[in-house]
Amino acid sequence: MSKNPTLKWGIGISLLYIIFVGKIRDIMILEHNDPNWLFLLITFAFLILPSLLAYAHDKEYNHPKYYAYIKKNKGNNGQLKGTKKSLKEMNDEMKNFYKKQGLDFLKNEFGNIKYLTGFKDIGIKEDIYISLFKDRIRFNFEKDFYRDVLKNDISDCRIETETQIRNQISMGKILCLGIFAFGGNNTKEINKEYLVIDCKFKNNNINILLEFKDQISLEEASKDINRLIESEVINEEEFLPYLE
């Protein structure tokens, strides 16, 4: 069975072909005396074309099988559920997938991550995930939409409280972006921690701000990103999938 999920459509259409198109061929032969070229054209449309479309689908999207796996197996804290073996197998598949694109995949960071600000053309996004490569970080907003920031363009990655962030960003910008809800000086809220990534993107200095649902995922992502940007030689064994 192919690992390409979209080929299920091809299989379904093939079954329809077996049921209906065979009857159509019998009718055509009776009426037009052996129109083999037309029959072959219909065969191509029903059997081969879906496979080609499925292949193009996998080329266009950012590994749709893994995206579906994420949606199905996320736990309450946003991390993936499963055994160490199953997560390692999926991680190895991702490495092979990206290797064909010339990228050295390390791991994905989850945790029900909410993107708040950073890229000028992207507003607040719920439920993103981050892919770490040896030379870059990829922010996956949708299965076919992402932004890459090169490792050498990242100057800092740190955890900051809402109070610290407010002190660095003007009140007007906070209100404009809608980053924080102003519900008074709630101690719990102003001490909430976020991940801040200072980097350069398209020759502009930007500050990417991310909110995590739980503290463990936040600290795991911060540790991994800092390990990536500070290491000259990457040890892949240090970037293992986090098991819930």
Side-chain angles (χ1 to χ4, degrees), residues 1-11 51-113 115 125 127-154 157 195 197 210 212-214 216-244:
M1 179 67 68
S2 170
K3 293 183 177 181
N4 187 330
T6 317
L7 284 180
K8 293 178 181 177
W9 287 100
I11 295 172
S51 299
L52 294 176
L53 291 175
Y55 176 78
H57 179 279
D58 263 32
K59 283 293 183 184
E60 178 183 359
Y61 291 120
N62 188 22
H63 205 299
K65 178 179 178 181
Y66 197 76
Y67 190 83
Y69 181 87
I70 292 166
K71 293 292 185 182
K72 182 179 178 181
N73 293 284
K74 281 206 320 185
N76 293 330
N77 67 351
Q79 295 291 350
L80 290 185
K81 298 183 292 185
T83 64
K84 289 183 179 180
K85 181 180 178 181
S86 65
L87 293 181
K88 184 179 183 303
E89 288 175 350
M90 184 58 71
N91 223 50
D92 289 343
E93 184 174 332
M94 289 293 287
K95 288 182 179 180
N96 292 331
F97 174 80
Y98 284 116
K99 188 175 182 179
K100 297 175 183 178
Q101 303 177 27
L103 296 173
D104 292 315
F105 175 79
L106 294 171
K107 69 175 291 188
N108 282 323
E109 302 288 348
F110 301 99
N112 287 335
I113 306 171
Y115 164 85
K125 295 284 186 180
D127 202 22
I128 76 165
Y129 71 96
I130 304 170
S131 299
L132 303 185
F133 300 88
K134 287 186 177 181
D135 67 337
R136 71 190 65 195
I137 295 177
R138 174 167 293 178
F139 299 88
N140 300 283
F141 298 101
E142 303 287 347
K143 62 182 178 182
D144 58 344
F145 178 56
Y146 57 84
R147 288 284 186 273
D148 283 355
V149 176
L150 296 178
K151 168 188 170 181
N152 293 336
D153 288 337
I154 301 172
C157 174
L195 189 66
I197 301 173
L210 304 172
F212 288 70
K213 184 175 181 179
D214 69 286
I216 295 176
S217 301
L218 170 63
E219 294 175 356
E220 179 84 3
S222 176
K223 179 184 68 176
D224 287 334
I225 294 173
N226 277 296
R227 182 185 289 123
L228 175 66
I229 63 179
E230 293 171 2
S231 301
E232 293 184 5
V233 179
I234 303 297
N235 180 5
E236 294 186 15
E237 296 300 320
E238 294 180 341
F239 294 88
L240 298 175
Y242 177 78
L243 183 66
E244 183 184 34

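Worth knowing before you read on, the calculation uses all heavy atoms, side chains too, and leaves out hydrogens, waters and symmetry mates.
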Quick check for you: to the nearest 0.5 Å, what is the distance between M94 atom CE and L103 atom CG? 10.5 Å

Dump the intermediate steps for side-chain contact (heavy atoms from CB on, under 4.5 Å) on N112 and D127, then the final yes or no. CA-CA 5 Å; N112 287 335; D127 202 22; 3.8 Å; yes

Supply the atom-to-atom distance I234 CD1 to F239 CZ, rounded to the nearest 0.5 angstrom. 5.0 Å

Interatomic distance, CG@D214 vs CD@E220, rounded to 0.5 Å, equals 10.5 Å

Taking all non-hydrogen atoms of both residues, which atom of I113 and which atom of E109 are closest, and how far apart? CD1-O, 3.5 Å

Within a strict 4.5 Å, meaning less than it, do heavy atoms of the R227 and K223 side chains meet? yes

So do D104 and F133 actually touch side chain to side chain, heavy atoms under 4.5 Å? no

How far does CD1 of I197 sit from CG of D153, to the nearest 0.5 angstrom? 13.0 Å

Compute the centroid of each ring, for F139 and then for Y115, and state whether the two points are separated by less than 6.0 Å. no

To the closest 0.5 Å, what do you measure between CD1 (I130) and CG (D224)? 10.0 Å

What I'd like to find out is whether the side chain of N140 reaches to under 4.5 Å of the side chain of I128, using heavy atoms alone. no

Minimum heavy-atom separation for K151 to K134, with atom names? CD-O, 3.5 Å

In short, N226 meets C157 closest at the heavy-atom pair ND2-O, 3.1 Å

About how many Å separate CZ of R138 and CG of N108, when rounded to the nearest 0.5 Å? 10.0 Å

For N91 and F105, what are the C-alpha separation, side-chain angles and deciding distance, and is it a side-chain contact (heavy atoms from CB on, under 4.5 Å)? CA-CA 9 Å; N91 223 50; F105 175 79; 3.3 Å; yes

